[in-house]
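Here is how names work: the chains are called A, B, and so on, in the same order as the sequence lines, proteins then strands, and each is numbered from 1.
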Amino acid sequence: MHDIRLLREAADTLRDAMRRRGEDELAVLVERAVELEQERRTAIQACEERKAARNAASHEVARRKKAGEPADEQLAAARVIGDEIVALEARQAEAQDELDDILAGLPNIPLPDVPAGDETCNQVLRTWGTPRAAGPAPHWEVGARLGLFDLERGAKVAGSGFIVYRGAGARLQRALIALMLDMHTREFGYEEASVPYFVNRDAMVGTGQLPKFEDDMYALRDEPFFAIPTAEVPLTNLFRHEILDGARLPLAMTGHSACFRREAGAAGKDTRGLLRVHQFDKVELVRWCAPEDSPAQHELLTSHAEEVLQRLELPYRVVLLAAGDTGFASAKTYDLEVFAPGVDKWLEVSSCSTFTDFQARRANIRYRPEAGGKPRFVHTLNGSAVALPRVVAAILEHHQQADGSVNIPPALRQYFGSDRIG
RNA sequence: GGACAGGUGGCCGAGUGGUUGAAGGCACCGGUCUCGAAAACCGGCGUACCGGCAACGGUAUCGUGAGUUCGAAUCUCACCCUGUCCGCCA
């Protein structure tokens with residue numbers, strides 16, 4: 001959500017932001033929003049003026065009654081004013097509702113260093129490690145041979161895109177989660193949280209999944225809950241409608257959760273094996289900080305996600321997303337992509353984003369800079385560290401040995417309980 | 001799921017239709033006093049929006065949303081949440 005004052009003071013900034021994202025039709029909507037903002041204020045002024053008159057009349061009624069004087073005239077006048085207020089309120093609500101609809105659908109303003117354009121304008125910033133030459137078997141063949149996951153039975157009990165991990169496959173997943181949570185809590189100062197997998201509508205609006213992307217979410221039939229597409233939603237919304245102590249920022253929390261995505265419209269694209277599934281596990285990092293700190297916090301959070309891939313000894317690259325490829329709520333996003341030689345592809349396993357005050361404004365998360373000071377919106381950031389199925393795929397392919405077995409990277413061995421699979 | 005009880009400002013806690021944005025206390029900020037601190041005393045102290053360069057003025061806000069009324073923290077209805085007991089249960 002944008003500051004409504006932007007419409008008055010810097011509508012150009014908003015328009016330009018929409019264009020940099022390639023959303024020209026949204027740029028047009030900004031014009032309409034500017035009009036509505038003006039209408040809204042006019043209505044508010046008229047409405048509040050009438051309310052002040054009514055309050056004055058009511059007070060006069062009270063005074064007269066107390067003094068034993070007649071108040072019929074004042075009562076009649078106040079009744080008329082009441083009718084006027086009803087009409088003015090309706091007009092105000094109408095403008096406000098249309099304005100809210102537009103505002104709720106406008107994505108965040110990309111930071112200045114985010115390249116304009118679509119995903120073809122993404123920039124690879126750096127690469128760590130050396131991608132392995134093509135040759136290893138794709139992970140679904142390894143998985144089938146070693147009995148690590150069971151796609152057919154996952155489809156039987158739920159549907160296609162729901163994976164059953166078995167044996168060493170299930171244990172690998174558990175080991176990865178434990179490794180990541182231990183790193184983030186013991187070494188990087190995150191507080192661990194275990195969060196609900198279902199959240200209410202307000203939470204989904206707070207982080208920006210709703211109202212625009214309702215079709216991508218699983219919803220329950222009899223309860224007003226949505227399955228979380230990422231732990232970002234419950235974690236970030238933890239402090240919704242709260243004023244945080246400025247001295248305690250930045251806050252950092254991590255949590256593991258299952259993530260549920262309908263992936264509507266993604267049929268047929270990279271769907272083989274573990275590449276695109278409806279439910280997957282992920283360890284998420286979330287940070288809350290003062291606005292001036294968010295650029296540094298963004299780099300820090302990204303480094304924590306990178307560290308996971310380094311300990312797993314998986315070659316990866318860091319990609320700065322172009323404006324058009326940057327998520328709705330994000331102002332700037334780094335994607336981390338691991339290289340999977342079996343499918344000969346870079347796989348996105350993390351998105352590390354800074355949301356500036358966009359989510360904080362929607363979710364009303366503020367902080368008080370100093371005692372007695374005015375509350376300000378925090379900046380929120382989050383990143384996956386890291387999403388599992390594709391990392392599992394990358395491990396099975398990158399660490400695949402000539403004899404068909406899979407080497408477990410040293411950092412993971414104490415968690416996995418063995419140095420190899422197969 | 002059932003039965004009660006309750007949701008008031010950062011916290012505690014008064015307040016059942018008329019200058020109540022809301023007594024009192026705590027916390028916090030500024031000041032007096034002090035070598036300094038504590039105590040005491042004085043003053044200040046929610047949030048959001050609208051207008052205004054500002055000073056300031058206005059409106060809203062007592063879980064949420066509707067309603068009654070000239071006027072609602074106070075009355076009505078619905079919902080949400082919390083607590084306790086019962087039932088059920090990993």
Side-chain angles (χ1 to χ4, degrees), chain A residues 1-9 33-100 102-104 194-206 210 220-226 234 237-249 251 258 288 357-378:
Chain A
M1 187 73 75
H2 298 284
D3 186 346
I4 204 165
R5 276 172 293 210
L6 272 181
L7 292 171
R8 230 178 303 164
E9 296 161 7
V34 170
E35 284 173 26
L36 286 165
E37 199 281 324
Q38 180 61 52
E39 276 179 46
R40 181 192 75 110
R41 267 186 302 153
T42 306
I44 286 176
Q45 282 164 37
C47 197
E48 291 190 349
E49 186 278 321
R50 290 285 77 193
K51 282 182 177 172
R54 183 183 62 184
N55 286 345
S58 289
H59 283 140
E60 179 61 11
V61 171
R63 193 196 63 76
R64 281 173 176 259
K65 289 206 166 177
K66 198 171 264 179
E69 301 169 19
D72 296 345
E73 238 174 81
Q74 285 72 21
L75 282 174
R79 221 163 299 178
V80 172
I81 294 173
D83 292 339
E84 293 173 342
I85 289 172
V86 169
L88 287 166
E89 277 180 336
R91 205 172 91 199
Q92 180 188 333
E94 204 177 315
Q96 186 73 55
D97 288 350
E98 189 182 344
L99 184 58
D100 286 345
I102 293 176
L103 246 26
S194 178
V195 294
Y197 287 7
F198 300 101
V199 295
N200 55 38
R201 178 170 287 272
D202 286 344
M204 293 289 266
V205 169
L210 296 185
L220 297 192
R221 190 189 60 194
D222 295 324
E223 304 283 346
F225 299 144
F226 295 87
N237 278 285
L238 245 29
F239 302 116
R240 184 148 48 93
H241 291 304
E242 291 192 33
I243 298 175
L244 305 171
D245 178 2
R248 297 193 51 197
L249 296 181
L251 293 179
W288 297 256
D357 63 0
F358 189 85
Q359 290 183 328
R361 201 177 288 284
R362 287 179 160 244
N364 191 24
I365 308 167
R366 292 173 294 171
Y367 75 105
R368 207 179 290 279
E370 67 277 332
K374 282 260 171 217
R376 301 169 68 195
F377 288 111
V378 298

(Q) Please classify the nucleic acid contact of A/Arg50 as base, sugar-phosphate, or nothing, using heavy-atom distances under 4.0 Å. (A) nothing
**Q.** Whether A/Arg64 side chain and A/Pro70 backbone form a donor-acceptor pair below 3.5 Å
**A.**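 Side chain of A/Arg64 to backbone of A/Pro70: a pair is present.
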**Q.** Nucleic acid contacts of residues 33-42 of chain A, taken as heavy-atom distances under 4.0 Å to RNA chain B
**A.**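 The stretch gives A/Arg40, A/Arg41 as the residues lying under 4.0 Å from the strand, ordered by number.
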Q) Taking NZ, NE, NH1 and NH2 as the nitrogens, is one of them in A/Arg91 or A/Glu94 under 4.0 Å from a carboxylate oxygen of the other? A)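 Here A/Arg91 does not pair with A/Glu94 in a salt bridge, since their nearest N and O are not under 4.0 Å apart.
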Q. For B/C50, does OP1 or OP2 lie under 4.0 Å from any side-chain N or O of A/Gln45?
A.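 Answer is no, no contact under 4.0 Å.
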(Q) Side-chain N or O of A/Arg368 versus OP1/OP2 of B/C29: is the shortest distance under 4.0 Å? (A)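 Negative; the distance criterion is not met.
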Q | Base paired to B/U64 (Watson-Crick or G-U; both N/O distances under 3.5 angstrom) | A |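 B/A78 is the nucleotide pairing with B/U64.
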**Q.** Mate of B/A22 where both pairing distances stay under 3.5 Å, Watson-Crick or G-U
**A.**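 Matched B/A22 with nothing under the 3.5 Å cut-off.
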Q.
Using whole Å, what does the distance between atom P of nucleotide B/U47 and atom CG of A/Asn364 come to?
A. 12 Å
For nucleotides 62-70 of chain B, print each protein N/O atom paired with a nucleotide N/O atom at under 3.5 Å, atom names and distance only.
residue : atom : partner : partner atom : Å
B/C70   : OP1  : A/Arg79 : NE           : 3.2
B/C70   : OP1  : A/Arg79 : NH2          : 3.4
B/C70   : O2'  : A/Ser58 : OG           : 3.1

Distances for protein N/O vs nucleotides 74-76 of chain B N/O pairs under 3.5 angstrom?
none

Q) Considering only heavy atoms from C-beta outward, does the side chain of A/Leu251 approach that of A/Phe239 to under 4.5 Å? A) yes
Q: Kindly state each residue pair satisfying side chain to side chain donor-acceptor pair (under 3.5 Å) with at least one member in residues 72-88 of chain A, sequence neighbours excluded.
A: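 Listed by first then second residue: A/Arg50-A/Glu84.
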Polar-atom pairs under 3.5 Å, protein N or O versus N or O of nucleotides 55-58 of chain B: list them with distances, or write none.
residue : atom : partner : partner atom : Å
B/G58   : N2   : A/Glu48 : OE1          : 2.9
B/G58   : N2   : A/Glu48 : OE2          : 3.4

Q. Who pairs with A/Glu37 by side-chain contact (heavy atoms from CB on, under 4.5 Å), at least two apart in sequence or on another chain?
A.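 Scan of A/Glu37 (side-chain contact (heavy atoms from CB on, under 4.5 Å), adjacent residues dropped) gives A/Ile4, A/Leu7, A/Arg8, A/Arg40, A/Arg41, A/Leu99.
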Q.
Quick check on RNA chain B: between A/Arg366 and A/Arg8, whose nearest nucleotide comes earlier from the 5' end?
A. A/Arg366
